[in-house]
Amino acid sequence: MAAALTSPFSIIRCVRHITASVDEETYAKTAAGSSETRGPTIFDKIISKEIPSSIVYEDEKVLAFRDINPQAPVHVLVIPKLRNGLTQLGKAETRHAEILGHLLYVAKLVAEKEGITDGFRVVINNGPTACQSVYHLHLHVLGGRQMKWPPG
Ligand code: DGP
């Protein structure tokens with residue numbers, strides 16, 4: 001670690017990383033504590049096409065579009081068109097089992113479409129501690145670069 005911090009660029013990168021993480025956490029906590037957890041979210045406007053997005057896949061139940069703040073060369077969000085109580089995975093009930101399975105299957109279709117089947121990651125951030133910022137269930141499909149483990 002000491003060696004990694006010897007260059008000024010390493011230190012700047014490290015400080016930037018810490019600052020970004022703190023901002024993300026603060027934003028996630030604010031989002032979780034606001035009416036956004038119950039009311040409409042930005043994703044409703046994306047579903048209605050009021051806000052444009054780069055759509056990768058769509059069917060009658062699911063929409064997949066590119067994340068506005070990509071964390072990998074391929075970063076696609078897969079969401080149910082009908083939120084139906086699924087503000088986050090932790091709110092899932094038996095009645096949601098079918099759509100949950102479909103979302104996961106669509107994540108695989110997206111990976112195929114994007115040509116990242118050699119390795120991709122599917123992430124669900126659940127709640128403020130996991131930095132969830134939009135309270136409409138969504139799967140992140142990430143790929144196109146070497147992933148690291150454990151994630152931050
Ligand atoms: P999460 O932190 O897991 O709640 O992820 C929410 C993601 O939503 C985040 O990676 C950025 C993305 N996002 C937020 N607003 C928009 C938007 O207006 N358009 C698109 N394409 N993505 C958005």
Side-chain angles (χ1 to χ4, degrees), residues 12-93 95-152:
I12 289 165
R13 264 201 301 275
C14 186
V15 169
R16 273 205 199 123
H17 175 71
I18 291 166
T19 313
S21 302
V22 169
D23 289 351
E24 233 170 62
E25 286 165 31
T26 308
Y27 183 75
K29 281 185 185 126
T30 310
S34 75
S35 59
E36 201 180 334
T37 54
R38 296 174 299 277
T41 74
I42 193 84
F43 290 174
D44 289 291
K45 291 188 172 166
I46 289 175
I47 292 163
S48 68
K49 318 260 163 81
E50 200 179 321
I51 291 181
S53 68
S54 174
I55 294 172
V56 174
Y57 172 91
E58 181 171 15
D59 64 28
E60 74 278 9
K61 290 181 180 160
V62 162
L63 185 69
F65 55 96
R66 294 189 199 286
D67 195 293
I68 204 168
N69 183 23
Q71 302 301 313
V74 174
H75 187 170
V76 174
L77 300 174
V78 185
I79 68 171
K81 285 186 173 173
L82 192 63
R83 189 171 65 171
N84 192 23
L86 278 176
T87 49
Q88 60 192 99
L89 184 61
K91 301 285 183 194
E93 298 171 9
R95 67 192 170 100
H96 296 123
E98 191 182 331
I99 187 67
L100 289 172
H102 189 54
L103 286 163
L104 207 49
Y105 179 65
V106 168
K108 174 256 184 184
L109 294 182
V110 166
E112 281 175 353
K113 255 189 142 172
E114 294 292 306
I116 54 168
T117 48
D118 59 318
F120 63 95
R121 186 169 287 172
V122 179
V123 173
I124 297 174
N125 295 322
N126 182 84
T129 312
C131 285
Q132 181 176 358
S133 60
V134 179
Y135 279 78
H136 182 131
L137 178 70
H138 49 283
L139 280 60
H140 296 257
V141 180
L142 299 140
R145 68 166 166 83
Q146 179 60 53
M147 299 288 166
K148 304 229 181 331
W149 194 262

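These values consider heavy atoms only, across backbone and side chains, with no hydrogens, waters or symmetry-generated copies. Numbering of ligands and ligand atoms starts at 1, following listing order.
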Show which atoms of ligand 1 fall inside a sub-4.0 Å distance from at least one heavy-atom site of [X].
X: N125; result: 1 (P), 2 (O), 3 (O)
X: S133; result: 1 (P), 2 (O), 4 (O), 5 (O), 6 (C)
X: H140; result: 1 (P), 3 (O), 5 (O), 10 (O)
X: F65; result: 20 (C), 21 (N)
X: F43; result: 8 (O)

Could you tell me whether ligand 1 has any atom less than 4.0 Å away from a heavy atom of [X]?
X: C131; value: yes
X: H138; value: yes
X: I42; value: yes

Nearest-neighbour protein heavy atom for [atom], which is reported as residue plus atom name and distance:
atom: atom 17 (C) of ligand 1; result: I46 CD1, 3.7 Å
atom: atom 22 (N) of ligand 1; result: I68 N, 3.2 Å
atom: atom 10 (O) of ligand 1; result: D67 OD2, 2.5 Å

How far does [atom1] of [X] sit from [atom2] of [Y], to the nearest 0.5 angstrom?
X: L100; Y: L89; atom1: CG; atom2: CG; result: 6.5 Å
X: D59; Y: L109; atom1: CG; atom2: CG; result: 8.5 Å
X: L63; Y: L103; atom1: CG; atom2: CG; result: 11.0 Å
X: I46; Y: I55; atom1: CD1; atom2: CD1; result: 9.0 Å
X: R83; Y: T41; atom1: CZ; atom2: OG1; result: 6.0 Å
X: T117; Y: E112; atom1: OG1; atom2: CD; result: 6.5 Å

Could you say whether the N/O atoms of [X] and ligand 1 ever approach to under 3.5 Å?
X: H75; answer: no
X: N69; answer: no
X: R66; answer: yes

Under 4.0 Å from ligand 1, counting heavy atoms only, is it the side chain of L77, its backbone, both or neither?
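The answer is the side chain.
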Measure S53 to ligand 1 on non-hydrogen atoms and call it side chain, backbone, both or neither using the 4.0 Å cut-off.
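Under 4.0 Å from ligand 1, S53 contributes no heavy atoms.
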Is the gap between the ring centers of H140 and H138 under 6.0 Å?
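Close enough - the centres of the two rings lie under 6.0 Å apart.
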Could you check V62, V76, L139, I116 and say which one makes a side-chain contact (heavy atoms from CB on, under 4.5 Å) with V110?
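The passing option is V76.
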Applying salt bridge (Lys or Arg N to Asp or Glu O under 4.0 Å) as the test, list every pair that has at least one member in residues 114-123; sequence neighbours left out.
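For residues 114-123: R66-E114.
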If you draw a 6.0 Å radius around NZ in K81, do more than 12 non-hydrogen atoms from other residues or ligands fall strictly inside?
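More than 12 heavy atoms, drawn from other residues, nucleotides or ligands, come within 6.0 Å of this atom.
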